[in-house]
Number of protein chains: 4
Amino acid sequence: MSTNKLTDIVNASVELFMKKGYHATSMQDIADAVGLQKGSLYHYISSKEDLLVMIIQEALDQYIGRLAEIAASDLPPREKFAQAVRHHLMGIATNLGHLTIFLREAYALTPEQQAIVKRETERYNRLVERIYQEGVEQGVFRPLDPPLVIRTVLGACNWFYRWYRPGGRMSLEEMADFFVDVLFNGIVVR
Amino acid sequence: MSTNKLTDIVNASVELFMKKGYHATSMQDIADAVGLQKGSLYHYISSKEDLLVMIIQEALDQYIGRLAEIAASDLPPREKFAQAVRHHLMGIATNLGHLTIFLREAYALTPEQQAIVKRETERYNRLVERIYQEGVEQGVFRPLDPPLVIRTVLGACNWFYRWYRPGGRMSLEEMADFFVDVLFNGIVVR
Amino acid sequence: MSTNKLTDIVNASVELFMKKGYHATSMQDIADAVGLQKGSLYHYISSKEDLLVMIIQEALDQYIGRLAEIAASDLPPREKFAQAVRHHLMGIATNLGHLTIFLREAYALTPEQQAIVKRETERYNRLVERIYQEGVEQGVFRPLDPPLVIRTVLGACNWFYRWYRPGGRMSLEEMADFFVDVLFNGIVVR
Amino acid sequence: MSTNKLTDIVNASVELFMKKGYHATSMQDIADAVGLQKGSLYHYISSKEDLLVMIIQEALDQYIGRLAEIAASDLPPREKFAQAVRHHLMGIATNLGHLTIFLREAYALTPEQQAIVKRETERYNRLVERIYQEGVEQGVFRPLDPPLVIRTVLGACNWFYRWYRPGGRMSLEEMADFFVDVLFNGIVVR
DNA sequence: TATGAATGAGAGTTCATTCAT
DNA sequence: AATGAATGAACTCTCATTCAT
């Protein structure tokens, strides 16, 4: 428990939403987890959806911010792209709660909120796409359909939240390297 | 409307669950869509969850059946794997409703039903994994960690349901070929 | 299964009402037990309550009829009363279903039907009361408040349905004799 | 209306269950009686059955407690037994609602709850039986089959709830004395 | 006689949210 | 800041009954 009640509430919600799902989690569950009456939650948040928005916003902010740094760096595109993939996977792994909720529950948002999420997500994709295109221009990446590349690559990465659990036989770094390897070189022998 | 009311109900549910989500769809919504009183639905199904189970089961049955055929064929592994990927994507695309619900809403099932789904899903993965391993044995696929390969490949494919919508600029076949290409050869120039 | 469908339906209802209770038994339960669709039941009965009425009526008819015979006989009052008690207990025991339902579920009837049942029941009580009063007149029974005597005696007897189950260590006759003995002589040593 | 809402709800339920029966009483009826929305009832109880359990438990607690005192007293057995009967009848009369519900609706409980009720009821019977047996040992009661004696006596007493209504021509004490007299001495002249 | 689809009312229950204290 | 009583709408599901076939 931190000194900040709102943080406690959000954290408890992340845990519960991840474990039980957004719809299956009641305000009572959250109140119980945080040691308040459910009515008291409304001193800190304005609605259950507000909580979902906050969690998703937090996930978005963090990843886009960090990716923007990578994109703005002067690394060669190949390294940039590799770092983007690694960063993406690490982000999922180290914030499994937020990211699970973002990737799984966003469609529970109101259309307005979904639009915001979609816009942010597209901004993210565009950043990655630009890195890819830099690589194409420099002749290091094959000249493929960029949106499709991004969807394939990020799809593979996003699925990570469905099966990654800490404490497996492989380290996170090894898995990230694996993804980069497969997405860069494919699975076919040359 | 078909002559079979149950089919109508399932179809209406697929559409509604896909559009609004399982939790956000009420039995009243389904009844309205199909022109019955909500109580009347229970002549055909035993519960709302039953509906979800049927939809997901249908998705599972179809795909595993078809994949088993591919796996049992005497095609060379490279072709088998390519077909598996194509079949997977086509399956998603041509049954977008069922597959969206399967991939997005399965965690709304009871633990018992989730266990069944998990078992079936793992059977599916195992089939694909075996194809990959055949390829490794024959020297056509790189000897990588098999479970991780499968997760990466199927992750990329599964994500398809999140963005594929019929009527885009590319044909389904082109997209399937694209996936096979990228997953086989990666995005890096050689 | 008899050749008479209505009889089958009533019998199945008796069994189900006794085992599960009137409210907890659905028309579907009855239909299942008798091998019909529930809609088909309405060719034989007009409502669920009708069924209850029939069962209770059957119980009433039988017992009142038989008791009237006893009352009209020229046995001495003491023997008449003893026979009435025996007959009452035997009646409960050999028609446990009907009697259980009568004694337990009659209050589920509509006020109109309840009134009928009440009238019949009072007729029954009056018959027993008259036997008692004959005995008082002849000096064989103590001159106590007749309605209270009847309520005490029949209360003790009615309770029989709550605990009697066939196949116990004592025979029905022994139990009937026991009741007569206790109600005639009390439990105190003289 | 008391200051305790739960008490109000229970009292209203007792009245309604007694008058209309447990199954025929809806949560809406209770809510109306107590001036709440039906959903609001669930702040105080967890289910309709919970209400029934509470009512029945209350009946059980009270009577067993009081009987245990009588049984533990150093009165002579004859007086103990008489008091037990009186106490039983008074208990029914002064808590007609609770006792009616207990005696009439207990079989609407789940099997688990029924088992508890059965256990408690048997404990009660055992207490009365022991009093009777004391009397037999001291030569004041006839040596009859004890379980049957108890069933006869308590059956007669339990039936009381079916016909006793306050304000009759006889006082409660007179009726209790009557029961004791009849059960002790029988109805036959000596 | 029998079906089985359909009704329509109502059941118990849940839940996010509000608000006086 | 916190309570907890209360709301009110919505929810899934049940069921006795009807009726065209």
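Being a predicted model, the structure only gives us computed values, none of them experimental. Each chain gets a letter, A, B and so on, in the order the sequences are listed, and its residues count up from 1.
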V10(A) and side chain to side chain contact (heavy atoms under 4.5 Å, CB included): which partner among M54(A), E15(A), K5(A)? M54(A)

Contacts satisfying ring pair (Phe, Tyr, Trp, His ring centres under 6.0 Å) that involve residues 3-28 of chain D (not counting sequence neighbours) are H23(C)-H23(D), F17(D)-Y22(D)

May I have all residue pairs that pass salt bridge (Lys or Arg N to Asp or Glu O under 4.0 Å) and include part of residues 31-50 of chain C, sequence neighbours excluded? none

Checking Y63(B) now: which residues fulfil ring pair (Phe, Tyr, Trp, His ring centres under 6.0 Å) with it, not counting sequence neighbours? H87(B)

Is a donor on one side and an acceptor on the other found under 3.5 Å between the side chain of R104(B) and the backbone of M18(B)? yes

Measure from CD1 on I9(B) to C1' on dC13(F) and round the result to the nearest Å. 14 Å

With a non-hydrogen cut-off below 4.0 angstrom, is L36(C) in contact with a base, only sugar-phosphate, or nothing? sugar-phosphate

Results of side chain to side chain donor-acceptor pair (under 3.5 Å) for E122(D) - residues two or more places apart only: none

Dot-bracket encoding per residue of DNA chain E, Watson-Crick/G-U cut-off under 3.5 Å, | denoting interstrand: .||||||||||||||||||||

Whether each nucleotide of nucleotides 11-21 of chain E has a protein heavy atom under 4.0 Å at its base (B), only at its sugar-phosphate (S) or at neither (-) is summarised, 5' to 3', as SBBBBBBB---

Let me know the distance between CG of L6(D) and P of dG4(F), rounded to the nearest Å. 16 Å

Reckon Q37(D) has a side-chain N or O less than 4.0 Å from the OP1 or OP2 of dA6(F)? no

Y42(D) meets the ring pair (Phe, Tyr, Trp, His ring centres under 6.0 Å) criterion, sequence neighbours left out, with none

In chain order, what residues pass the salt bridge (charged side-chain N to carboxylate O under 4.0 Å, His left out) check against E105(C), with sequence neighbours excluded? none

I'd like to check the side chain to side chain donor-acceptor pair (under 3.5 Å) partners of Y161(A); sequence neighbours left out, ordered by chain and number. none

Set of residues satisfying side chain to side chain donor-acceptor pair (under 3.5 Å) with respect to S26(D), sequence neighbours excluded: D29(D)

Could you tell me the separation between the CD1 atom of I30(B) and the C1' atom of dA10(F), rounded to a whole number of Å? 15 Å

Which residues in residues 105-115 of chain A have a heavy atom closer than 4.0 Å to any atom of DNA chain E? none

By side chain to side chain donor-acceptor pair (under 3.5 Å), Q113(A) pairs with (sequence neighbours left out) none

